[in-house]
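Hydrogens, waters and symmetry mates are skipped; everything else that's a heavy atom, side chains included, is used. Predicted model only: the values in this text are computed from it and were never measured. For ligands, and for the atoms within them, numbers begin at 1 and follow the listed sequence.
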Amino acid sequence: MKLAVVGGGSTYTPELVDGFARLRDELPVTEIALIDPNGRRLEPVAGMARRMLAHAGHPGRVTATSSVEEGVAGAQAVLVQLRVGGQAAREVDETLPPRCGCVGQETTGAGGLAKALRTVPVVLEIADVVRRNAPEAWIVNFTNPVGIVTRALLDAGHRAIGLCNVAIGFQRRFAGLLGVPPSRVSLGHVGLNHLTWERSVHLDGRDVLPSLLATHGGEIADAVGLRPELVRRLGAVPSYYLRYFYAHDAVVEEQRSKPPRAAEVAAMEAELLQLYADPSVVTKPELLAGRGGAYYSEAAVALIASLLGDRGDVQVVNVRNDGTLPFLDADAVIEVPAAVSAAGARPLPVEPVEPLYAGLIGHVSAYETLALEAARHGGADRVRDALLAHPLVGQDAVAEELTGLLLEANRSFLPWT
Ligand code: G6P
Ligand code: MN
């Protein structure tokens, strides 16, 4: 089985390769094609990937190319994990919005919009190459903002599913607290990518979330950066991205005095690339654990194994709403548990969503619709509308100022500016 990774020169790639090596019984990979336009990253990362497979006694081979056509040809699944503009563009996403009093984050709020504007056209172009060269392949999209990018792919008729590690992270954390293997834990996960709540945690079919919160509420709240009182009162666990909403002003205040995450990650990446270039390093470096992508390889392996092996098991993915959340457009992309088989991911029915969550989900989903319009068709007015629709921006004067700043800073990525 051949897999292709677009953005294969990412410093995250060894995380993926580690998963392919450990979980080889679940997913017998024979070739991993790493595709990246940047040879200075691709070369050390591919070398590292080869050493990791060899060290694990894995028979698969790693190929490296800058050509998407060549890399995806014959692949059964194509993982897309790219970052247009690298950490430098991310730093702009994180630092511009706070100048206007808004949270600076690469997927949430105005920064997420800028990222969508840069990213959607690039991913759509790549997906067209996949359609021509590997028409049967599934596209597994990790590229942020995952909800918007996945919707763009689905709207263009691609065989795509969006994936994020937030849900698998919670599953592993709760399983750890319960002292059971993760396979026995399933989540009542609902919302949009990076805007989700765990409303139940089933252990062997029984909801243990109330007792988990009673015993470990403080620790769980801490992990998502929210007050224990809030989490206990909700009786649900918001993802840590909800902190940007529930503690918006406090986060903006923090961001004024802290270096942006992009700068931290850029420093880590430089160090990681050095390690990857060192022939004596043959296993995933510890440093990689400092990135946010924990369990990302496990989620990817499970998803691809179920798509290609028609397993029909339940995984949390980004899919078309199609009536699952009746208060959203059918075409919206949501992040919920879905049965994954050769036919794709079919969302399971979801209990009615309380207004406390439905309001925010609806609001952000409408923003995502407008953000995608702006990313696909360009135009400062579309950007303004998306910002005006976002609950973390909303005001005319702020939307106006941010539109100017974001378009100016991203000019080189946006042919229509
Ligand atoms: C989590 C999110 C990803 C995001 C990452 C950022 O894993 O689910 O979507 O890309 O965090 O991690 P980083 O180390 O780049 O800050
Ligand atoms: Mn994510």
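The closest protein non-hydrogen atom to atom 7 (O) of ligand 1 is Gly292 O, 2.5 Å. What sits closest to atom 6 (C) of ligand 1 on the protein, heavy atoms only, is Glu106 OE2, 3.7 Å. The protein non-hydrogen atom at the shortest distance from atom 8 (O) of ligand 1 is Asn165 OD1, 2.6 Å. Protein heavy atom at the shortest distance from atom 5 (C) of ligand 1 is Tyr12 OH, 4.1 Å. Nearest protein heavy-atom contact of atom 2 (C) of ligand 1 is Tyr241 OH, 3.3 Å.
No donor-acceptor distance shorter than 3.5 angstrom exists from the side chain of Asn144 to the backbone of Arg83, with no hydrogens or angles considered. Listed for the Tyr12 side chain is a donor-acceptor partner under 3.5 Å among the backbone atoms of Gly293. Between the Thr150 side chain and the Gly147 main chain, no donor and acceptor come within less than 3.5 Å of each other. Using modelled atom types, one side-chain atom of Arg159 and one backbone atom of Glu136 make a donor-acceptor pair closer than 3.5 Å.
Of the candidates Val265, Ile168, Asn144, Leu163, Asn144 brings a heavy atom nearest to atom 3 (C) of ligand 1.
Between Glu106 and the choices Arg90, Arg118, Arg261, the salt bridge (Lys or Arg N to Asp or Glu O under 4.0 Å) rule is met once, by Arg90.
Close contacts between ligand 1 and Arg90 involve ligand atoms 13 (P), 15 (O), 16 (O) [criterion: under 4.0 Å to a heavy atom]. Heavy-atom proximity to Arg261, at under 4.0 Å, picks out these atoms of ligand 1: 13 (P), 14 (O), 16 (O).
Protein N/O/S atoms found under 2.8 Å from the Mn ion (ligand 2): Cys164 SG, His194 NE2.
A perpendicular orientation is assigned to the rings of His390 and Tyr367, their planes being inclined by more than 60° (bins at 30° and 60°).
In this structure, His194 has a heavy atom closer than 4.0 Å to ligand 1.
Between Glu401 and Arg99 there is no salt bridge, since none of the side-chain N atoms of the basic residue sits less than 4.0 Å from a carboxylate O of the acidic one. Salt bridge Arg311/Glu26: present, at least one basic N to carboxylate O contact under 4.0 Å.
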